[in-house]
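Throughout, a chain's letter reflects where its sequence line sits, starting with A, and its residues are numbered from 1.
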Amino acid sequence: MYIVLGASESGAAGEFLWEAVTVADGRVGSRRTVPESKLGQFVHEVEDSNRPAPIRWVWADSRQIMPLFLAQGISPERSHDLRLIQRILSIATTHSQSHITFAPTLDLLQESPEKPWGMLPPARQIQGQDSLFDDGFLSASKPDTGQKTAPTASQLAVELQTQLRAIEAAPHPRRLKLLAAAESTGGMIAAEMKFHGMPWNKSLHEKLLVETLGPRPAPFERPAEMEKLATEIREKLATPKLNVDSPQELLRALQSAGIRVKSTSKWALKGWAEENPQLAQQRRSLIEPLLAYKKLARLFTANGWNWLDEWVQDDRFHPSYEVGGVVTGRWGAHGGGAMQIPRDVRTAVAAEPGKMLVVADASQVEPRILAAMSGDEKLALAGRGTDLYLGIAKIGEHTGSALNERAQAKIALLGAMYGATTGESGKLMPHLRTMFPQAIEFTERAARVGEQGGQVSTYLGRVSPAPSSEWFERQRRQATAEDERAAMAASRSWGRFTRNFVVQGTAAEWALCWMAQIRQKLRATTLFGKPLQSQLVYFLHDEIMIYGPEREASLCEQIVRDAAQAAGELLFGHISVEFPVTIAVTDNYSTAK
DNA sequence: CGCGGCGGCGCG
DNA sequence: AAAGCGCGCCGCCGCG
């Protein structure tokens, strides 16, 4: 049963009124008005009295409603986030003639039941998107006035039914239903993570900053250690007024000093130092301070004192995640760079006394997903009970293949998923193809669809965007040899995108299911008759962090492992692909892994 | 002056 | 100085 939560139509003055409307078997049932301050209590009571019959709460936007629940001390069990699901359905329907049902387009995506993707019609059939809600109908408040103009429960109930019909009419309703549930749970988890925050020891962080940069500088000034290095660099280059932060100035100064690099990047500088060991010591002694300066500059600007002031309150880092913010369905994050916390800075992520961090990292998710999607039993077997890359190397050894080392296996497999053609990865590809023809053929089919301007889909049904009209224009007009070359390059490039999309996107779906399973198990588990206090506090593509009392850590560890395998089965059913997880129970993030 | 693009670097 | 995917953030730099 669904219960839709939207604005009440009886817009009384004073406290904001919500309305709850039940929807079951496609019919709207009872209605009830709930004042905002009682919303959490209402949800809690309804869930309790209906247990074990599942209730799925429906709302416009988790980002709006979840903070209300969390502030009232509850978090619903299941949900359907209309904004998130509409986005998933609408990408698939960019081509659709109809804005009522999404089904016709989804049918076109399906060549045959065995194939998880197919071709869409050519670009000229692309229509303007006719979503019901392009006007921001689903947004719950007007940014300019801050006034609530939330959609009513009745309006949302209509949208729900539209979405449910579209899902039922899809080629794989079970999969799309699972995606809707997982994505919605992701919406709740993201809100919970933001609410609880990640433990962040401000004084440890400050200690790290002072030790590496020196004391906090005055505004607009460089920290002492950076200034020292800058002075050293200016002296060695004989350019007293050089701004070390300016790539242009720096590049010119380097070239004047006889260091013939094409860019000032770390890689270029390291490469130059390696290629010219015979050159004067003074010149190489310049590279080191320069690299050191870059390292410090990065720490200072990205995760320095200003960052601490802005993002860490009361020893908690509260990042904003954007569920499905990446085209492939991965989460994005805005503000605070939650998904780029440098290794060195992780020392600041420390457990308080009596608490522990459970840091779990799923091993080689993308190649395992490839094995599962492509049904490549040999690749699945290579990863059973062991490191997948090592498993591949061992197979290579037994069969006398040139691909017989772990490092090679990793480069080759990543290259296959990214579309590498040159370098070591390109060289190893033929051997990989011989070993795993089914998996390799799968990635190449995905690439071919993209090269021709088609769209691909993840296993659960998230569809890749169509190329831009400029892309199609480039394919159409190939007057000169230069045009032809550009068209080919663009085609290949889009092929690499779709090739990667299916794997990265399905891996993101696996990760969503993993987290959803963890959340569910954490909620359902008790210790000495009491619910667990441990919370999911961080997520990074294939890694999660749980924070809670030390005594719960081993339980959490088991939950995380079980959830990983359960996620695989939820997606693919019973398959021979394993999803092993590396777990560190630690009081400091930097010591994990 | 503000803005967007870009080089550079952090993460998976 | 990457190759070969997906991101966010910072400072610089050129544009209007």
Pair A/Phe572 and A/Tyr459, ring centroids less than 6.0 Å apart |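 Distance test on ring centres: under 6.0 Å, yes.
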Atom-to-atom span, CG of A/Leu432 to C1' of C/dG4 - whole angstrom =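 Answer to the nearest Å: 14 Å.
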Whole-angstrom distance between B/dG7 and C/dA2, as gauged at atom C1' =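 It comes out at 14 Å once rounded to the nearest Å.
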Ignoring backbone atoms, test whether A/Asn243 places a side-chain nitrogen or oxygen under 4.0 Å from the OP1 or OP2 oxygen of C/dC12.
->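 So the side-chain polar atoms of A/Asn243 do come within 4.0 Å of the phosphate oxygens OP1 or OP2 of C/dC12, strictly under.
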Gap between atoms CG and P, on A/Asn500 and C/dG4 respectively (whole Å) |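 So the two atoms are 13 Å apart, to the nearest Å.
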A/Leu269 near the nucleic acid: base, sugar-phosphate alone, or nothing, with a heavy-atom cut-off under 4.0 Å?
->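 No contact at all - A/Leu269 keeps every heavy atom at 4.0 Å or more from the nucleic acid.
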Quick check: are there more than 12 heavy atoms from other residues, nucleotides or ligands sitting under 6.0 Å from NZ of A/Lys294?
->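 Check passes, neighbour count above 12.
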Closer than 4.0 Å, any side-chain N/O of A/Gln248 to the OP1 or OP2 of C/dG14?
->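 Answer yes for this pair, as a side-chain N or O of A/Gln248 is under 4.0 Å from OP1 or OP2.
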Given atom CH2 of A/Trp494 and atom C1' of C/dC5, what is their separation to the nearest angstrom?
->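 The distance from CH2 of A/Trp494 to C1' of C/dC5 comes to 12 Å, rounded to the nearest Å.
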Among C/dG4, C/dC12, B/dC11, which nucleotide sits nearest the side chain of A/Thr422?
->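 Of all the options, the side chain of A/Thr422 is nearest to C/dG4.
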B/dG12 and C/dG4: how far apart are their C1' atoms, nearest whole angstrom?
->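 Nearest-Å result for B/dG12 against C/dG4 at atom C1': 15 Å.
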Nucleotide B/dG10, atom P - distance to CG of A/Leu296 in whole Å |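 Checked: the CG to P distance equals 12 Å.
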Measure up the A/Tyr589 and A/Tyr538 rings against each other and bin them: parallel (under 30°), tilted (30 to 60°), perpendicular (over 60°).
->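 A/Tyr589 vs A/Tyr538 ring planes: perpendicular.
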A/Thr498 side chain to A/Ser464 side chain, donor-acceptor N/O pair below 3.5 angstrom =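 The criterion, which ignores hydrogens and geometry beyond distance, is not satisfied for A/Ser464 and A/Thr498.
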Within the 6.0 Å centroid threshold, strictly below: A/Trp200 and A/Trp307 =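 Yes, the ring centres sit under 6.0 Å apart.
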C/dG16 pairs with which nucleotide, Watson-Crick or G-U wobble, both distances below 3.5 Å?
->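 B/dC1 - that is the nucleotide pairing with C/dG16, both distances being under 3.5 Å.
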Closer than 4.0 Å, any side-chain N/O of A/Lys266 to the OP1 or OP2 of B/dG10?
->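 Affirmative; the distance criterion is met.
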Under 3.5 Å donor-acceptor pair, A/Arg330 side-chain atoms to B/dG12 base atoms |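 A donor-acceptor contact between them is present.
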Choosing from C/dG4, C/dC12, B/dG8, which nucleotide comes nearest the side chain of A/Asp245?
->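 My answer, after comparing the listed nucleotides, is C/dC12.
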Ignoring hydrogens and angles, are the base of C/dG8 and the side chain of A/Gln340 linked by a donor-acceptor pair under 3.5 Å?
->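 Such a pair is found, so the answer is yes.
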Sugar-phosphate only, base, or nothing, as touched by A/Gly336 at under 4.0 Å among non-hydrogen atoms |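 If one applies the 4.0 Å heavy-atom cut-off, A/Gly336 turns out to touch the sugar-phosphate alone, with no base involved.
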Under 4.0 Å: is that the gap between some side-chain N or O of A/Thr328 and OP1 or OP2 of C/dC5?
->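 For C/dC5, neither OP1 nor OP2 has a side-chain N or O of A/Thr328 closer than 4.0 Å.
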For A/Asn303 and B/dG10, what is the distance between atoms CG and P respectively, to the nearest whole Å?
->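 Rounding to the nearest Å, CG of A/Asn303 and P of B/dG10 are 11 Å apart.
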So, is A/Ser263 close to the B/dG8 phosphate, meaning a side-chain N or O under 4.0 Å from OP1 or OP2?
->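 Checking B/dG8 against A/Ser263, a side-chain N or O does come within under 4.0 Å of OP1 or OP2.
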Nearest to the side chain of A/His334, which nucleotide is it out of B/dG8, C/dC9, C/dC10?
->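 For the A/His334 side chain, the nearest candidate turns out to be C/dC9.
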Does any donor-acceptor pair link the side chain of A/Arg298 with the base of B/dC9 at a separation under 3.5 Å?
->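 Indeed there is one.
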Find which nucleotide of DNA chain C each of A/Met417 and A/Ala333 is nearest to by heavy atoms, and output the residue with the more 5' nucleotide.
->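 Result: A/Met417.
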Could you measure between the two P atoms, the one in B/dC6 and the one in C/dA3, and give it in whole Å?
->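 To the nearest whole Å, 16 Å.
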Between C/dG11 (C1') and A/Glu221 (CD): distance, integer Å =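 From A/Glu221 CD to C/dG11 C1': 18 Å.
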Check the pair A/Tyr547 / A/Arg316 against side-chain hydrogen bond (donor to acceptor under 3.5 Å, both in side chains), numbers first and verdict last.
-> CA-CA 12 Å; A/Tyr547 185 50; A/Arg316 288 286 187 285; 4.6 Å; no
Have a look at A/Gly335 and say if it touches a base, only the backbone sugar-phosphate, or nothing, with a 4.0 Å heavy-atom cut-off.
->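 Sugar-phosphate: the residue A/Gly335, judged by heavy atoms under 4.0 Å, touches backbone atoms but no base.
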Heavy atoms under 4.0 Å, any strand shown: does A/Val327 hit a base, just sugar-phosphate, or nothing?
->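 Touches sugar-phosphate only.
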With sugar-phosphate meaning primed atoms plus P, OP1 and OP2, does A/Gly419 contact a base, only sugar-phosphate, or nothing at under 4.0 Å between heavy atoms?
->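 The residue A/Gly419 makes sugar-phosphate contact but no base contact.
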Reckon A/Arg346 touches a base, only the sugar-phosphate, or nothing at all at heavy-atom distances under 4.0 Å?
->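 The residue A/Arg346 makes sugar-phosphate contact but no base contact.
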Does the side chain of A/Ser246 get closer than 4.0 angstrom to OP1 or OP2 of C/dG11 through an N or O atom?
->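 For C/dG11, neither OP1 nor OP2 has a side-chain N or O of A/Ser246 closer than 4.0 Å.
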When you measure from the centre of the six-membered ring of A/Tyr418, is the NZ or CZ of A/Arg499 under 6.0 Å away and within 45° of the axis?
->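 Verdict for A/Tyr418: no cation-pi partner in A/Arg499.
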Side-chain N,O (A/Arg496) to OP1/OP2 (C/dC5) below 4.0 Å =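 It does, given that an N or O in the side chain of A/Arg496 lies less than 4.0 Å from OP1 or OP2 of C/dC5.
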Test item: A/Thr506 side-chain N/O and A/Val503 main-chain N/O as donor-acceptor pair under 3.5 Å |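 No.
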Measure from CG on A/Leu540 to C1' on B/dG10 and round the result to the nearest Å.
->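 For the pair A/Leu540 CG and B/dG10 C1', the rounded distance is 11 Å.
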Could you work out which one of C/dG11, C/dG4, C/dC7 sits closest to the side chain of A/Val326?
->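 Ranking C/dG11, C/dG4, C/dC7 by closest atom to the A/Val326 side chain puts C/dC7 first.
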Does A/Thr421 have a side-chain nitrogen or oxygen under 4.0 Å from the phosphate oxygens OP1 or OP2 of C/dG4?
->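 Yes, within the criterion.
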Across the strands shown, which category fits A/Arg499 at heavy-atom distances under 4.0 angstrom: base, sugar-phosphate, nothing?
->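 Answer is nothing: A/Arg499 stays at 4.0 Å or more from every strand.
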Indicate, with a heavy-atom threshold strictly under 4.0 Å, whether A/Phe501 touches base, sugar-phosphate, or nothing.
->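 No contact at all - A/Phe501 keeps every heavy atom at 4.0 Å or more from the nucleic acid.
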How close or far is atom C1' of C/dC10 from atom NZ of A/Lys294, stated in whole angstroms?
->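 Checked: the NZ to C1' distance equals 12 Å.
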